[in-house]
Chemist: 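Starting off with a structure, shown below.
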Amino acid sequence: MTFIFLLLLLVAVVGLRAADGGTRDYMSLKMTNSIKGFFLCMVFLAHVQGYADFSHPYLDEPYQFVRRIMGQCIVAMFLFYSGYGVMESIKRKGETYVQKIPIQRILKVLLQFDSAIMLFWLYRRLTGKHFSISKILLSLIGWESIGNSNWYIFCVLCLYLFTYAAMRVFKSNYLKAVVGIFCLCLYYIAIVCWAGKDYWWYDTILCYIWGMLFSLFRSKIESSLNESFASWMFYEFVFSMGFCVCYLYRGASFVIYQCWIVCFVAAIVTFTMRFVIDSIPLQWMGAFLFELYILQRLPMKILKPYLLKGEVSLAGKYTYVAACFAATIVISIIYRATIGKAIKSVLDK
């Protein structure tokens, strides 16, 4: 797995260039898609390990070390950029955008998710697996799973709902609205904890809030963090050290854990103020984030009985990973061109 991770790093490094300070392009959709594409690949590697065992003490341990260090941080930037993007849209379009959130955000994601769920359901039925009606219905909103990834979609749906509710109440008072969303997120955390959900259901949700706050105070943050190369280096060092220190004590309390996540996000954002990843492959994957994320487990499940039978060599495992990755890309393209396009055309009417 280390070789695959090094290949991913190579793709990122090849696309590395100095950020355009004049246009501040580091928060453009193109540049943020590169970051999302990189971490989407990290998510893929994390998921594929659940199907193929990569535990060689020398060949895989370097990657496993990086994976342990990063933990749930691999999804933090998705939520941060989502919060930033939503707030930017609200600032530009105001009430018009807010009124469209139930359709263009909540319903659109839900329909795309449910259509993907049907593919998983069909596969599980063909392989002899049966689910109760309640299991299927709860899977359609992401509360349960029938083999698909679900917590992230449920979390995002709740965040969009919280955003709509807070913005309708506080209107153009964006700061109060963000505080309201923050309070609703705390309530969400309490509910999922009470329901016995795993920690990854809630440990990165506040990154959405940090993204919204960054949108509101971006100019002030930039003027401080990126005032000069020396100040940029200072803050990058502080955030990086904060990440390392909080990592050691992240299990002590929820607050320290959140500081660990915040330091990671801050280090990435600060880094991109001076250097961005301008990688076409990563940008493409970032643009296909939903499809690649929600469908990647389907090829993993389908191909496992054929490519991971009995004693599997290292070459066989790499073949499995490559086949899953290629299949995920193919079905993601087909999905967007068919089901995704149909959903978009209906909702845009």
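For this chain, numbers begin at 1 and follow the sequence in order.
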Chemist: Check whether any side-chain heavy atom of Glu227 lies under 4.5 Å from a side-chain heavy atom of Glu222, and answer yes or no.
Modeler: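 A side-chain contact under 4.5 Å is absent here.
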Chemist: Kindly assign one of parallel, tilted or perpendicular to the pair Phe325 and Phe44, based on the angle between their ring planes and the thresholds 30° and 60°.
Modeler: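 Geometry flag for Phe44 against Phe325: perpendicular rings.
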Chemist: Are Arg218 and Tyr26 in a cation-pi setup, meaning NZ or CZ lies under 6.0 angstrom from the ring centre and within 45 degrees of the ring axis?
Modeler: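 Ring-cation test returns yes.
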Chemist: Same cluster for Met118 and Ile343 if Ile/Leu/Val/Met/Phe/Trp/Tyr side chains link at under 4.5 Å?
Modeler: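 In one cluster: yes.
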Chemist: Hey, what's the ring geometry for Tyr293 with His47, parallel, tilted or perpendicular (30° and 60° as the breaks)?
Modeler: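 The rings of Tyr293 and His47 sit tilted, inter-plane angle from 30° to 60°.
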Chemist: Let me see the working for Leu159 and Leu184 under side chain to side chain contact (heavy atoms under 4.5 Å, CB included), right down to the final yes or no.
Modeler: CA-CA 9 Å; Leu159 287 170; Leu184 290 172; over 6 Å; no
Chemist: Cut-off 3.5 Å, side chains only: do Arg105 and Tyr164 have a donor facing an acceptor?
Modeler: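 No, Tyr164 and Arg105 have no side-chain donor paired with an acceptor closer than 3.5 Å.
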Chemist: Looking only at side-chain N and O atoms, does Ser115 offer a donor or acceptor that is under 3.5 Å from a partner on Tyr335?
Modeler: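 The criterion, which ignores hydrogens and geometry beyond distance, is satisfied for Ser115 and Tyr335.
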Chemist: Does anything in residues 61-76 form a side chain to side chain donor-acceptor pair (under 3.5 Å)? List the pairs, not counting sequence neighbours.
Modeler: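 Side chain to side chain donor-acceptor pair (under 3.5 Å) check on residues 61-76 returns Gln49-Gln64, Glu61-Arg68.
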Chemist: Does NZ belonging to Lys344 count more than 12 external heavy atoms closer than 6.0 Å?
Modeler: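 Atom NZ in Lys344 is not packed in, count stays at 12 or less.
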Chemist: Could you label the plane-to-plane angle of the Phe271 and Trp232 rings as parallel, tilted or perpendicular, counting under 30° as parallel and over 60° as perpendicular?
Modeler: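 Geometry flag for Trp232 against Phe271: tilted rings.
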Chemist: We want to know whether Tyr174 and Ser215 form a side-chain donor-acceptor pair, criterion being a heavy-atom distance below 3.5 angstrom.
Modeler: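 Absent: no donor and acceptor within the cut-off.
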Chemist: Answer yes if the side chains of Gln104 and Tyr160 hold a donor-acceptor pair under 3.5 Å, and no otherwise.
Modeler: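 Side chains of Gln104 and Tyr160: no pair found under 3.5 Å.
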Chemist: Within a reach of under 6.0 Å around CD1 of Ile280, are more than 12 heavy atoms found that belong to other residues, nucleotides or ligands?
Modeler: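 No - once you tally the heavy atoms of other residues, nucleotides and ligands closer than 6.0 Å, there are 12 at most.
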Chemist: Regarding Gln258 and Asp203, do their side chains bring together a donor and an acceptor under 3.5 Å, going by distance alone?
Modeler: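 The answer is no; no qualifying pair exists.
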Chemist: Does the pair Arg17/Asp25 count as a salt bridge with the N-to-O cut at 4.0 Å?
Modeler: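 Yes, charged N to carboxylate O under 4.0 Å.
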Chemist: Check the pair Gln296 / Thr328 against side chain to side chain contact (heavy atoms under 4.5 Å, CB included), numbers first and verdict last.
Modeler: CA-CA 5 Å; Gln296 62 184 241; Thr328 301; 3.8 Å; yes
Chemist: Would you say Lys91 has more than 12 foreign heavy atoms packed within less than 6.0 Å of its NZ?
Modeler: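 Atom NZ in Lys91 is packed in, count exceeds 12.
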Chemist: Is Glu95 salt-bridged to Arg168, cutoff N-O under 4.0 Å?
Modeler: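 Yes, charged N to carboxylate O under 4.0 Å.
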Chemist: Does the ring of Trp143 carry Lys135 above it, NZ/CZ under 6.0 angstrom from centre and within 45° of its axis?
Modeler: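 No, a cation-pi geometry is absent between Lys135 and Trp143.
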Chemist: Quick check: do Met212 and Leu216 have side-chain heavy atoms less than 4.5 Å from each other?
Modeler: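 No; the side chains remain at least 4.5 Å from each other.
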